[in-house]
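Both counts, for ligands and for their atoms, begin at 1 and track the order of listing. The structure presented is a predicted model; accordingly, all values stated were derived computationally and were not measured. Counting from 1, the numbers follow the sequence of the chain as shown.
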Amino acid sequence: MVDICHYKVLQNEVYGRYLTANKDLECGELIFTDLPVTVGPKPDTSPLCLGCYCPVENSVCSRCSWPICSTECEQSPQHVPECDVFSEAKVRFQPIEDWTARSPQLDCITPLRLLLAREKDLERWKREVEVMETHTEARKNRPTWEADQVNIVNYLIDHCKLRNRFSKELVEQVCGILEVNAVEIPSHGGFSIRAVYPRLAIACHSCIPNITHTILHKNYEVQIRAAVPIKTAEILHLSYTHILSPTLIRREHLLESKFFNCECPRCADPTELGTHLSTLKCNKCDDGLILSTNPLDNEAEWKCTEKNCQFKTSGPAMRKMLGVVLAELEQLDALDPGPTAIELREATIKKYKSVFHPRHSILLSIKHALAQLYGRVENYTIDELPDVMLERKVEFCRLILKTLEVISPGDSRMRGMMLYELHAPLMFLARNEFGAGLITQEKLKERLQEPLQCLADAARILSREDPQSPEGITGNIAQQSMEQLNDSLNSL
Ligand SMILES: [Zn+2]
Ligand SMILES: [Zn+2]
Ligand SMILES: [Zn+2]
Ligand SMILES: [Zn+2]
C-alpha cells in the first residue's frame, strides 16, 4: 500500500499558503510531524539557561559569560554556535541586579540562532523558511520595530561583529519570521520558550480548530493530529489563541501577533455559536443579554436583547471593562494552589455573577481552574469533599466539556484533562450513595460506567502527549485508574 501524504499545501489571496486534507482523516490520526528550525528564549524574558532553559541566577558560561546553568549546558549543541560568536566578538551579558526581572538582553538569542541555522542548512532555509510571512510593512509602524533595531539588528551586526556574515535586511527578515510564526512551547523543565516550525506555520487559524498539535520533549518535535474526522480537501485549522478567550480579546491578540482580523464563524456570531463566551447580563432589565451588534467590528455598540430595554454601551468601554477583570484573573492565576486559591475564586464568581452570563469566558476560566483545584489541594482533597462540592466539581467539568464540544470539537488536550477531572467526583458520589444505602449494587455498577468511560477517553487522548509532560503523566494515571476501576467493577 502506498502511503499518500496526508496534507496538501495550497495558496490563495485570503490565507496566503494553507493546508488541506489530502485524504479522509480519522479523529486522532497523525497528519504530519515537523522539527523546529530554531528553539530559544521568548522576547523580553527573564534570564534563563541558554542550554536547558531553566531560570538561572548569577550563573554564566565560562567562555562567553551569557546565562548558563552547568558545564554540560555550556557544551550543548544549541549554545556552542552562539558561544563562539559572543566569545570572538567579546560581547558579554551585562550584569543585572534582579535575575528574576525581564531583561531585553536575551532578545537577540533566538534571531541569532535562526541566522546560524540558515548558515548550517541553506537548503532547508530556501525550501521552508524563506517563504514564511514577515509582515514587514505593518511591523515598521509598531513600537517594537524600533526596539528590535536596537536590541537585535544593530546589536548583532555591530556589537557581535556579524556585518560580513548577515545583512541588515536578513536580520530584519529573521525578526519578522520569529514575530509572526514562532509558537510558544514548554521546555523540558516546563518553562515557556519559543520555536519555529515551518510546516506547522502554514496551517491557517480558526477559533474552531479541527487539528491539534503536541510538542514532544525529545528534539521538540511537533505532531499534528486530526481533532475530529476530516474529509479530503477540507482546510486544516489550528487555533493560535487561547481557546476560552472571548471574541474581543481573541481578535485583538490575533491582530497583534498574527496580523489579521479573524472572521471565522465563531468570531462572526455575537453569541459565539451559542456558547455565550462573550455575553453579559443586563442590569437594567430582568432577562436581557448584552451582545455586540457586530462582533467583527471591535468599535461596534453592545446592546440589550430585550425589545423594551434601551441599555447599550460601546465596544471600547466593553474592552476596557474586560481588561480590568482579566487583570484580576491574572492575580488569581498567580496564587499557589491551596485553599485560598479556591476561596478567592469562588468569591470572584459571586462578585461577577450578576454581570456576566454563567458561561462567559471570565467565569468559565475561573470554573476551569476550580474544576482542577477541587479534590487536589489541602482541606479540599477528593475524599474530604462533601457531596455538594463533589457536585460543584462535576458541574464545572461538564460546563467546560459542553463549551469545548462547540468551539474545539473532538480530541483536545483540554478535553482529555477535563474528562480525567470529571471521573473522580462521579466515582465518589456513586460510592457515597451506595455507602449510605441509597442505591443498590446494580445501580452502583451502572453509575460507575460513566467515570469508566471518562478514564478510557482521557487515557486515549492524553496518551498522544509527551509521557513526561503534565498531560502525558495524567494520561498514564488515567490508564491505570481505568484498569483498577474495571477490576473492582468485575469483582462487585
Ligand atoms: Zn542549563
Ligand atoms: Zn557560552
Ligand atoms: Zn475567529
Ligand atoms: Zn436590558
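- Using a 4.0 Å cut-off between charged side-chain N and carboxylate O, Asp148 and Lys140 make no salt bridge.
- The SG atom of Cys262 and the SG atom of Cys267 subtend an angle of 110° at the Zn ion (ligand 3), given to the nearest 10 degrees.
- When each of Cys69, Cys73, Pro67, Ser70 is checked for a side chain to side chain contact (heavy atoms under 4.5 Å, CB included) with Cys54, only Cys69 meets the rule.
- Considering the Zn ion (ligand 3) as centre, the angle to SG of Cys207 and to SG of Cys264 is 110° (10° rounding).
- For the pair SG of Cys309 and SG of Cys304, the angle whose vertex sits at the Zn ion (ligand 4) is 110° to 10 degrees.
- The angle that Cys49 SG and Cys52 SG make at the Zn ion (ligand 1), rounded to 10°, works out to 110°.
- The pair Lys161-Glu88 does not count as a salt bridge, with every side-chain nitrogen at least 4.0 angstrom from each carboxylate oxygen.
- Side-chain atoms of Arg118 and Gln173, non-hydrogen and from C-beta on, never get closer than 4.5 Å to each other.
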